[in-house]
Amino acid sequence: MTLPELLALLGRSWSRLLLYPGGLGLALALAILWRRPAIRATRPWTHIEQFSMLALPWLGVALLPLPYATALGRSLDLVVMLALLEWPQLLLAAREARDGAVGRLAALLNSYPPLLAALLLLALPDGSLDLSAMAASPAEGAPTLARIGHWVGAVGLLPALAPLLGIGVFATEPASDRLVRLGLLLRAIGIAAITALPWVALIPEGQYWLVPLPPVGVGLAIWGIHALGARATTRMWAQGLLWLALCEAALLVLAASEGLAGRLR
Amino acid sequence: MSTSARRILSRLPLILATGMVAAACLLLWLVRSEPRSLPLFILLDAPGAYLALITALGCALSLLAMPEADGRGRAWRQAAALACIAGAAICAVPLVAAALLLIAGLLRARLELRRPSTLATLAGGGAALAAAAALLLRGVRRYDDPAAGAAIDSWVFLLTLLAACAPIAPIDHDAADREGGWREAQVIWLLPLLRLYPLGPWNDGWSLAATLLGGALALWAALGALTRATPADRGSASGRMLPALALASAGLASSAGVAACCYAMLAHMVVSVAPAGAARPRWAHWSVAGVIPLSAVFVAAWMAIGAAAAAGSTALAAALWLACLIRGIALLTEGDARETRGALIAGGAALALGVLAPAVSALLIQPVVDQLQGGLTAYGNLSVAPWVGITLLDSGSRVIATTPTMLVAGLMAVLLALCVLLARLWPTHPPALASEGGEEPHRAQGEQQGDGWRAALLREVPWLGRGRGDDAA
């Protein structure tokens with residue numbers, strides 16, 4: 001790629017940033033935030049903290065490989081996407097921990113093992129961390145264990161949403177700053193979109209009216225976790241997630257062993 | 001002696017280190033196509049030149065950060081160690097190279113035998129010397145000896161691996177180590193390990209041992225960075241993670257793995273300029289924490305994770321990913337401090353290397369990968385696209401991971417500008433309640449003084465807390 005091509009790529013990106021999916025995500029986040037009351041300020045954030053906590057998840061949402069978004073020819077992978085989306089939550093959790101409140105940080109640490117294992121299971125059939133590969137169904141020729149792992153990962157993402165998004169028993173005090181809250185909402189939208197991606201791949205081509213179903217399904221799952229999850233304690237959830245992570249890790253190891261055995265044959 | 005002469009003399013180690021950076025760059029350029037054997041036991045190859053370059057760069061940056069009032073002896077000791085490392089990098093004889101690396105490690109550990117770092121150096125150096133002696137007994141005098149490949153067996157590999165692991169073992173460092181004297185010792189022993197590749201392919205057991213050890217040490221270091229009781233211990237632990245990442249990547253036996261190893265070594269030398277355990281200003285925290293996509297530490301982590309995925313080691317990829325996230329969180333939770341020269345240099349250099357990762361990979365790391373091809377597998381290749389970024393490919397040339405750094409940087413600049421506009425249109429600080437006037441903002445509930453929150457965290461997170469409660473209490 002040359003410099004003029006890069007500049008052309010940057011020029012084509014405006015629709016992703018301002019319309020779909022970036023603009024739509026921002027509008028949705030603004031609509032959710034509009035109705036919520038202002039919260040009394042604690043320590044103010046610096047401008048660079050505020051802007052980075054909004055800009056990074058906005059960029060992450062804008063670059064998601066969602067259906068009917070402008071094609072850029074270059075996509076991100078899971079590692080970069082997670083880094084962009086997680087930035088506001090990590091910064092907020094770190095500040096709260098320094099102030100003595102560890103709820104948000106503990107929830108994050110409880111969510112990461114099952115989340116990372118589930119994301120890597122989704123990448124198993126194709127062997128690629130590329131997000132666009134995650135949005136496709138496993139190929140027919142993929143090993144059976146890898147295809148099973150893919151769907152285990154797709155389902156395994158749902159329980160990890162509880163601590164990751166701070167819902168149900170993991171709910172914490174919302175941030176006081178509006179830009180920070182906007183960034184956190186964009187992060188939640190991005191994570192929900194990633195959770196819906198594997199299911200979007202099941203929609204037959206041309207049936208564009210079915211595309212909203214997976215995100216609606218994920219939204220219903222989040223609501224269900226919020227409503228039903230309060231029956232268990234955080235400790236029970238944490239132990240359950242740990243067992244889920246161990247099972248997913250065992251599946252990863254089995255699939256990798258199968259792949260290695262195939263390579264050696 | 002006049003003032004100017006004294007000033008030049010005090011800056012002589014820095015001048016020498018800078019000169020060595022330039023010389024190493026020139027050497028890397030000269031041997032980028034193929035290694036060159038010279039008389040008098042000299043072997044000029046890309047891996048040696050690369051190690052000399054990054055250690056000289058780290059030395060130059062730390063000398064630049066060192067206050068002039070600090071011990072002149074420390075600067076000269078650092079320069080002497082650097083000279084030994086340079087000698088080992090161009091030495092063709094394994095035994096002499098190992099001895100020079102051992103001397104360099106002991107110089108940095110200040111020859112005090114009771115210190116943990118000295119014992120670790122002796123253990124690692126002893127293992128490397130034993131491996132080199134075994135090669136010598138089998139008739140291998142030089143690395144480019146035609147019979148060298150046949151002389152390598154599991155014992156030689158195990159001793160070389162032990163030499164690479166010893167400096168990054170989970171031992172507690174004391175104050176002198178944390179002044180920054182330990183960082184080169186944590187990566188220089190990777191050179192003998194990497195130099196095994198041109199001699200022949202590794203068997204699967206060797207690769208498994210190196211990746212398992214490296215992955216376990218990386219995860220252990222990351223957990224220590226979050227849960228140890230004192231800031232100094234946490235700093236020591238976080239300083240071990242990048243060398244462990246480099247070891248795990250080196251064991252993948254692929255081009256992507258070797259590239260990830262080299263990049264992790266470079267990132268380690270740069271971010272360790274500020275002493276381990278020292279508090280850093282906020283923006284330097286972000287840069288060295290490795291959670292923002294444009295920092296050198298993030299790129300090193302990304303390359304290691306991608307290389308593991310390309311090689312089919314998804315469990316290793318998960319472990320390294322988790323380790324990097326935990327280390328990032330650990331650094332973000334450290335307290336802020338006033339700016340120091342070392343922190344500024346480390347943070348700025350980490351940011352610059354992250355943005356320039358494609359250029360660094362293409363110019364400095366690709367020659368190393370090309371010259372180690374003899375023992376590498378096809379399960380993970382590196383592709384650098386100018387103006388875009390780095391792509392990791394699998395054996396079928398399919399994209400495994402991609403970081404379009406220039407695209408991300410450009411779009412991020414646009415979005416930051418939009419955020420500034422949004423902040424001006426929409427007030428971000430909620431109005432104070434009328435009855436509370438100029439009251440001080442309250443702190444979050446459940447506040448605990450100092451680092452007491454770590455004990456609470458260990459109770460809330462089951463996989464973090466077992467057996468670690470005493471450390472953080």
Side-chain angles (χ1 to χ4, degrees), chain A residues 1-3 6 9-10 13 17 38-44 50-51 54-55 58-59 74-77 79-80 83-84 87 90-91 94 96-102 105-106 109-110 112-113 116-117 120 123-124 127-130 176-179 234 238-239 242 249 252-253 255-256 259-260, chain B residues 291-293 298 302 305-306 309 312-315 317-318 321-322 325 328-329 332-333 335 385-388 394 398-404 406-408 410-412 414-416 419-420 422-423 426 428-431 433 441-448 452-453 456-457 460-464:
Chain A
M1 179 176 279
T2 59
L3 180 57
L6 175 66
L9 196 64
L10 285 171
S13 310
L17 290 181
I39 296 173
R40 190 166 153 233
T42 55
R43 283 183 294 135
Q50 284 177 321
F51 298 153
L54 177 56
W58 188 351
L59 181 60
R74 300 279 168 179
S75 62
L76 296 185
D77 58 50
V79 181
V80 178
L84 289 173
W87 174 244
L90 287 175
L91 212 54
E96 288 180 352
R98 285 199 306 271
D99 289 342
V102 299
L105 183 59
L109 289 172
N110 280 318
Y112 281 153
L116 301 186
L120 288 170
L124 260 184
S128 170
L129 299 178
D130 202 33
S176 57
D177 189 277
R178 282 184 187 167
L179 281 184
T234 52
Q239 284 170 343
L242 180 58
L252 278 175
V253 170
L260 179 63
Chain B
V291 286
I292 289 189
F298 177 84
W302 171 84
I305 295 164
S313 303
T314 39
W321 199 355
L322 186 63
L325 276 171
I329 289 169
L332 287 177
T333 54
W387 297 111
V388 178
D394 67 357
R398 289 179 311 157
V399 172
I400 298 298
T402 179
T403 296
M406 304 300 276
L407 179 68
V408 167
L411 292 177
M412 216 182 291
V414 170
L415 281 176
L416 283 173
C419 291
V420 172
L422 195 65
W426 194 28
T428 58
H429 294 296
L433 296 175
H442 72 277
R443 285 182 166 259
Q445 288 180 1
E447 175 188 21
Q448 300 183 39
W453 61 267
L457 187 69
E460 297 287 326
V461 184
W463 60 270
L464 200 60

Practice task
Output the option from Ile329(B), Ile292(B), Leu322(B), Leu415(B) having the highest count of non-hydrogen pairs under 4.5 Å with chain A.
Solution key: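 Result: the option with the highest number of such pairs is Leu415(B).
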Handout entry: Which of Gly328(B), Pro293(B), Ala315(B) touches chain A most, by non-hydrogen pairs under 4.5 Å
Key =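 Heavy-atom pairs under 4.5 Å are most numerous for Pro293(B).
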Heavy-atom distances under 4.5 Å only: say whether [X] touches chain B with side chain, backbone, both or neither.
X         : result
Ala117(A) : neither
Trp87(A)  : side chain
Ala238(A) : both

Handout entry: Donor-acceptor under 3.5 Å (Trp463(B) side chain, Leu109(A) main chain)
Key =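 Confirmed, Trp463(B) side chain pairs with Leu109(A) backbone.
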Exercise for the section: Give a yes or no on whether the backbone of Thr402(B) and the side-chain of Asp77(A) come within a donor-acceptor separation of less than 3.5 Å. Expected result: yes
Problem - Val414(B), part contacting chain A, at a heavy-atom distance under 4.5 Å - result: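 The side chain, not the backbone.
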Handout entry: Interchain contact, Leu325(B) with chain A, by part (heavy-atom threshold 4.5 Å)
Key = side chain
Any idea which heavy atoms bring [X] and [Y] closest together, and the distance?
X         : Y         : result
Leu252(A) : Ala318(B) : CD1-CB, 4.4 Å
Thr314(B) : Ala256(A) : OG1-CB, 4.2 Å
Trp321(B) : Val79(A)  : CZ2-CA, 3.6 Å
Pro462(B) : Leu242(A) : CB-CD2, 4.1 Å
Ile400(B) : Gly127(A) : CD1-O, 3.0 Å

Using a cut-off of under 4.5 Å on heavy-atom pairs, state which of [options] scores highest against chain B.
options                         : answer
Leu124(A), Leu120(A), Thr234(A) : Leu120(A)
Ala255(A), Ser13(A), Ala55(A)   : Ala55(A)
Asp130(A), Leu84(A), Val80(A)   : Val80(A)

Problem - From Leu332(B) atom CG to Leu90(A) atom CG, the distance as rounded to the nearest 0.5 Å - result: 6.5 Å
Exercise for the section: Verify side chain to side chain contact (heavy atoms under 4.5 Å, CB included) between Leu76(A) and Val408(B), making sure each step is shown before the conclusion. Expected result: CA-CA 9 Å; Leu76(A) 296 185; Val408(B) 167; 4.1 Å; yes
Problem - Phe51(A) side chain near Leu422(B) side chain, heavy-atom distance below 4.5 Å - result: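 Answer no - side chains too far apart.
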